[in-house]
Each structure stands twice: as C-alpha cells, then as structure tokens.
Student: 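Attaching a single structure in structure tokens format; questions to follow.
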Amino acid sequence: MIPDIIRTKAELRARVADWKAAGETVGVVPTMGALHQGHLSLVRAAEENCDRVIVTIFVNPKQFNNPEDLENYPRTEEEDAKKLAHHRVDMVYVPGPEEIYPEGFATTVSVSGLTDVLCGAHRPGHFDGVATVVTKLFTQTRADQAFFGEKDFQQLQVVTRMAADLDLMTEVVGCPTIREEDGLAMSSRNLLLSDRARIKAPVLNEAMEEMAEGLRAGGEAHELRVEARKKILAAGFTEVEYLDLRACDDLSVLDTPTRPARLLAAAWLAGVRLIDNIAV
Ligand code: AMP
C-alpha cells in the first residue's frame with residue numbers, strides 16, 4: 001500500500017501522539033527524495049528497529065549553497081511514494097517550506113570543528129542548513145531513532161555530535177553505503193549524469209579502493225593521493241575537491257591509518273558533484 005503523505009506538522013504531531021500514547025517506538029528516515037536503494041536500506045533498518053516508520057522528504061533550501069544546484073535537484077515525489085509501498089512505512093512527511101521555516105524563522109544550529117573541513121570547507125553554510133533542518137525533523141517527529149547513511153560520512157558525524165550536544169531524544173543510527181554493481185555509490189545526484197558521464201563515474205570509487213589498498217600495505221596518503229587524483233582526472237572528472245584520509249571520530253587529517261580511518265573524496269564530473277568514502 002502506498003503510505004499516506006502528510007504535509008503539515010499539526011497532522012504529523014497528532015499521529016505521532018497516538019503512537020506514543022500506545023507505547024510504540026518511532027523511527028525516522030530523513031531524505032531529500034529521489035529515492036533509491038540507498039534510502040530504502042535505511043527504511044529497512046528503521047522497519048527492523050522501530051514500531052512505526054516515518055520517511056521525510058524535504059529538499060532543504062538552507063543546505064544548498066548554490067541556487068542552481070537547488071533548482072536542478074531531482075524531485076520525484078509520486079514515484080518516491082510508490083517505492084515505499086513495498087515497505088512498512090506508516091507515513092511520508094513532505095512538509096511545505098512554511099512548516100519548517102515559518103515567517104520570521106531566525107535560528108541556526110551550528111556544529112563547530114567537524115564542519116570546518118571536507119564538504120564544510122567547500123560548501124559554506126551547508127552543514128548549518130543540515131543541522132538546523134535535522135533538529136527540526138527530530139523534534140517534529142519525536143523519533144526515538146533516526147537512520148542516516150555512511151554515504152554522507154561527515155553529515156553522519158555532524159548529526160551524531162549535534163544530537164548528543166543538544167540532548168535530543170533521537171538516537172542517530174548509521175547504515176552502510178549501498179552501491180551500484182560497478183561500485184558507484186548510489187546518490188540522487190547520479191540521475192543528473194549523462195549516459196557518457198555515468199560510465200566514467202565509478203572511477204572515483206575505483207581510485208579510492210586502490211588508494212585504500214596502498215594505505216593498508218603501508219603507503220602514505222600524501223604520496224598515494226597523487227596517483228589517485230591522476231586516475232580520476234584522466235577519466236574525465238574536472239576537479240577533485242578533496243581526497244583525504246581522516247580519523248573517523250574527529251575527521252582530523254591522517255597520513256597513515258594509525259586509528260580507525262576513512263578515505264573521503266568529493267569530485268566534479270560533467271557539472272555534477274559526487275562524494276564517496278570508504279573505511280581503511
Ligand atoms: P539525501 O536524500 O541524499 O539527503 O540522503 C538521505 C539519507 O540517505 C542520508 O542519510 C544519506 O546518507 C542516505 N543515503 C544516500 N545515499 C545512500 C547510499 N548510497 N547508501 C546508503 N545511504 C545513503
């Protein structure tokens with residue numbers, strides 16, 4: 001059955017209040033829509049862990065630092081709702097902008113440190129937008145657990161920190177990255193790639209896997225990065241924004257994986273910004 005689409009926080013709150021009164025737990029999967037198997041894996045995790053499941057779809061203007069990017073972002077609400085029909089989803093919450101940012105809205109949630117690097121350094125204001133909307137979605141849904149993908153590893157660290165710092169009642173749960181068969185991390189932005197660009201896109205992950213192998217064999221990131229960048233650019237990517245080995249907990253730069261570490265990258269292909277990360 002296609003789940004109900006709820007568009008106001010009043011209606012959302014009324015339904016959640018009934019669930020809570022019945023002692024049921026609530027899981028939320030925050031998304032910007034254009035749902036793919038990556039999103040659906042989060043929905044499955046929510047189904048497994050919670051009595052009730054809410055999927056939110058909100059293309060959050062505050063987390064886009066580029067108006068063109070916001071305009072081009074894929075919007076496929078009807079198909080999204082259909083995809084959720086095969087899951088135990090109780091509600092799709094698709095708030096209008098005024099439900100999230102009513103007139104006079106003046107508050108920003110800002111996480112320092114973790115947001116200064118990687119995507120934070122290249123997309124000014126992005127993580128403030130994410131932290132602000134996620135806080136609102138947590139408080140509006142009163143979710144016990146929220147499911148986020150490791151695909152956006154820095155975002156996962158930021159919302160985990162934020163939920164802990166603000167004593168939010170929602171536990172953040174991280175879930176593994178789902179990939180296409182050729183290794184490309186699934187992303188709503190992949191829809192924006194031309195057929196030609198789509199063929200080149202997996203090279204990002206390939207180069208990262210090779211670099212990770214080099215690191216595991218004792219190599220150093222500053223050396224291995226040179227070859228990896230070359231490979232990515234030779235495939236037709238126009239820019240590698242970053243390709244860093246970083247500590248999982250505080251995202252500090254590492255040259256060798258002396259503690260739990262992640263290789264993280266952002267690169268541009270045919271006008272589309274792709275990100276990926278893998279454990280080392
Ligand atoms: P988005 O709609 O891109 O804002 O993503 C919504 C949620 O889905 C975020 O928690 C993402 O990390 C997660 N997500 C996106 N792509 C994937 C993927 N390939 N595998 C797992 N989770 C993903």
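Read the numbers this way: they start at 1 and go in the same order the structure lists the ligands and their atoms. The figures that follow rest on heavy atoms only: side chains count, while hydrogens, waters and symmetry mates do not.
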Student: Less than 4.0 angstrom from a charged side-chain N to a carboxylate O is my criterion; do Asp69 and Arg273 meet it?
Tutor: no

Student: Check each heavy atom of His39 against ligand 1 and say whether those closer than 4.0 Å belong to the side chain, the backbone, both or neither.
Tutor: side chain

Student: For atom 22 (N) of ligand 1, what is the closest protein heavy atom, and at what distance to 0.1 Å?
Tutor: Gly149 CA, 3.5 Å

Student: Just which atoms of ligand 1 are under 4.0 Å from any heavy atom in Met186?
Tutor: 16 (N), 17 (C), 18 (C), 19 (N)

Student: Test of understanding: with side-chain contact (heavy atoms from CB on, under 4.5 Å), list the residues that count as partners of Asp276, not counting sequence neighbours.
Tutor: Arg179, Ala185, Leu204, Asn205, Met208

Student: Return the residue, atom name and 0.1 Å-rounded distance of the protein heavy atom closest to atom 4 (O) of ligand 1.
Tutor: Met32 CG, 3.6 Å

Student: Do me a favour and list the nearest non-hydrogen protein atom to atom 23 (C) of ligand 1 with residue, atom name and distance?
Tutor: Lys151 CB, 3.9 Å

Student: Taking distance alone, no hydrogens or angles, what donor-acceptor pairs closer than 3.5 Å link side-chain atoms of residues 54-65 to residues at least two apart or in another chain?
Tutor:
residue	atom	partner	partner atom	Å
Asn60	OD1	Lys62	N	3.3
Asn60	OD1	Tyr101	OH	2.5
Asn60	ND2	Gln63	OE1	3.0
Asn60	ND2	Gly129	O	3.0
Asn65	OD1	Arg123	NE	3.3

Student: Check if Ala34 has a non-hydrogen atom at a distance under 4.0 Å from any atom of ligand 1.
Tutor: no

Student: Applying salt bridge (charged side-chain N to carboxylate O under 4.0 Å, His left out), run through Arg52 and Asp144 and close with a yes or a no.
Tutor: CA-CA 10 Å; Arg52 297 286 181 173; Asp144 299 283; over 6 Å; no

Student: Which protein non-hydrogen atom lies closest to atom 12 (O) of ligand 1, naming both residue and atom, and how far is it?
Tutor: Asp152 OD2, 2.6 Å

Student: Do any nitrogen or oxygen atoms of Phe148 come within less than 3.5 Å of a nitrogen or oxygen of ligand 1?
Tutor: no

Student: Give a yes or no on whether Arg161 atom CZ has more than 12 heavy-atom contacts from other residues, nucleotides or ligands under 6.0 Å away.
Tutor: no

Student: At a non-hydrogen distance cut-off of under 4.0 Å, which region of Pro176 contacts ligand 1 (side chain, backbone, both, or neither)?
Tutor: backbone

Student: Please walk me through it: do Arg15 and Asp90 pass salt bridge (charged side-chain N to carboxylate O under 4.0 Å, His left out)?
Tutor: CA-CA 10 Å; Arg15 291 203 183 199; Asp90 295 277; over 6 Å; no

Student: Look at atom 3 (O) of ligand 1 and say which protein heavy atom is nearest, naming residue and atom and giving the distance to 0.1 Å.
Tutor: Tyr73 OH, 3.8 Å

Student: Nearest protein heavy-atom contact for atom 13 (C) of ligand 1: which residue, which atom, what distance?
Tutor: Leu42 CD1, 3.6 Å

Student: With Val272, which of Leu191, Leu193, Asn190 fulfils side-chain contact (heavy atoms from CB on, under 4.5 Å)?
Tutor: Leu193

Student: Does Pro30 approach ligand 1 within less than 4.0 angstrom via side chain, backbone, both or neither, non-hydrogen atoms only?
Tutor: backbone

Student: To check your reading of the model: name the closest protein heavy atom to atom 20 (N) of ligand 1, its residue, and the distance in Å.
Tutor: Ile178 N, 2.9 Å

Student: Tell me which protein heavy atom sits closest to atom 9 (C) of ligand 1, plus the residue, atom name and distance to 0.1 Å.
Tutor: Gln155 NE2, 3.8 Å

Student: Are Phe153 and ligand 1 in contact, using a heavy-atom cut-off of under 4.0 Å?
Tutor: no

Student: Against Val109, only a single residue in Val134, Val130, Thr132, Asp128 fulfils side-chain contact (heavy atoms from CB on, under 4.5 Å); can you say which?
Tutor: Thr132

Student: Checking contacts here: is it the side chain or the backbone of His36 that comes within 4.0 Å of ligand 1, counting heavy atoms only? Could be both or neither.
Tutor: side chain

Student: Tell me if a side-chain donor or acceptor on Glu47 pairs with a main-chain N or O of Arg88 at a distance below 3.5 Å.
Tutor: yes

Student: Examine Val94 and Val133 and state if one hydrophobic cluster contains both, with Ile, Leu, Val, Met, Phe, Trp and Tyr joined whenever side-chain heavy atoms are less than 4.5 Å apart.
Tutor: no

